[in-house]
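Computed from a predicted structure; not experimentally measured.
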Amino acid sequence: MSNGISDLLLFFNSRNVPASLSNAVEELGATNVRSIAIELFSWLKRQQRFDHEKPLELKAQYTSSQELPRFFELFAPMNQLFTIQGGTLTFRDEIALDDRAKLRKTIASEYQPVLRT
């Protein structure tokens, strides 16, 4: 699994900020980075659950979608896996289908958001 995904999962699950994420958290704020992680991980988990690969549509009304391009600038490991074009986020073409499936499987098992009531 990509170090970038590992670091983002660590941040999401523990709120500990790995060094690789410190610039993004400092500039965008922990809440926005967490929202971006939720959007990204939810999209990957849906792909695993429904066994399809569909781009993530970035919607202008959501702060996480607005901040995603800047997050990718600040957190370079995401650029190795994903690309943003025409208002959508997809895997880079050079990422093998097997690697995509492994990443989705990892997210499906390790991304378990806690519902707060």
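I84 and M78 fall within the same hydrophobic cluster, where Ile, Leu, Val, Met, Phe, Trp and Tyr residues are linked whenever their side-chain heavy atoms come under 4.5 Å apart, directly or through other members. Hydrophobic clustering (side-chain heavy atoms under 4.5 Å, transitive across Ile, Leu, Val, Met, Phe, Trp, Tyr) keeps I38 apart from L10.
The CD1 atom of I107 lies 4.5 Å from the CZ atom of F41; values are rounded to the nearest 0.5 Å. Atoms NZ and CD, on K45 and E110 in that order, are 11.0 Å from each other to the nearest 0.5 Å. Taking OG of S20 as the start and CG of L74 as the end, the distance is 11.5 Å to the nearest 0.5 Å.
Judged by a 6.0 Å distance limit and a 45° cone about the ring axis, R34 is positioned over the six-membered ring of F12.
Judged by distance alone, the side chains of T106 and Y111 never bring a donor and an acceptor atom under 3.5 Å apart.
Considering all non-hydrogen atoms of both residues, W43 and P55 come closest at NE1-C, 3.5 Å.
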Please tabulate, for side-chain N and O atoms in residues 87-99, each donor-acceptor pair with protein atoms closer than 3.5 Å (sequence neighbours left out).
residue: T88; atom: OG1; partner: Q85; partner atom: O; Å: 3.0
residue: R92; atom: NE; partner: N79; partner atom: O; Å: 2.3
residue: R92; atom: NH2; partner: N79; partner atom: O; Å: 3.3

Donor-acceptor contacts, no H, no angles, side chain residues 60-71, under 3.5 Å, sequence neighbours left out:
residue: S64; atom: OG; partner: E39; partner atom: OE1; Å: 2.5
residue: S65; atom: OG; partner: E39; partner atom: OE2; Å: 2.9
residue: S65; atom: OG; partner: K59; partner atom: N; Å: 3.2
residue: Q66; atom: NE2; partner: A60; partner atom: O; Å: 2.3
residue: R70; atom: NE; partner: E27; partner atom: OE2; Å: 2.7
residue: R70; atom: NH1; partner: E73; partner atom: OE1; Å: 2.5
residue: R70; atom: NH2; partner: E27; partner atom: OE1; Å: 2.9
residue: R70; atom: NH2; partner: E27; partner atom: OE2; Å: 3.1

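Counting heavy atoms from C-beta on, the side chains of L9 and S6 never come closer than 4.5 Å. Counting only heavy atoms from C-beta outward, the side chains of F75 and V33 never approach each other to under 4.5 Å.
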Practice prompt. Apply the test side-chain contact (heavy atoms from CB on, under 4.5 Å) to residues I5 and N3: give CA-CA distance (whole Å), side-chain angles for both, the deciding distance (0.1 Å), then the verdict.
Written response: CA-CA 5 Å; I5 293 294; N3 285 344; over 6 Å; no

Worksheet item: Can you check side-chain contact (heavy atoms from CB on, under 4.5 Å) on V25 and F11, steps first, answer last?
Response: CA-CA 10 Å; V25 170; F11 172 73; 4.1 Å; yes

Discussion item. Under the criterion side-chain contact (heavy atoms from CB on, under 4.5 Å), I'd like the reasoning laid out for E53 against L44: C-alpha separation, chi angles, the key distance, then a yes or no.
Written reply: CA-CA 9 Å; E53 190 166 307; L44 290 165; over 6 Å; no

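Residues that satisfy the ring-ring contact (aromatic ring centres under 6.0 Å, His included) test with F72, not counting sequence neighbours, are absent from this structure.
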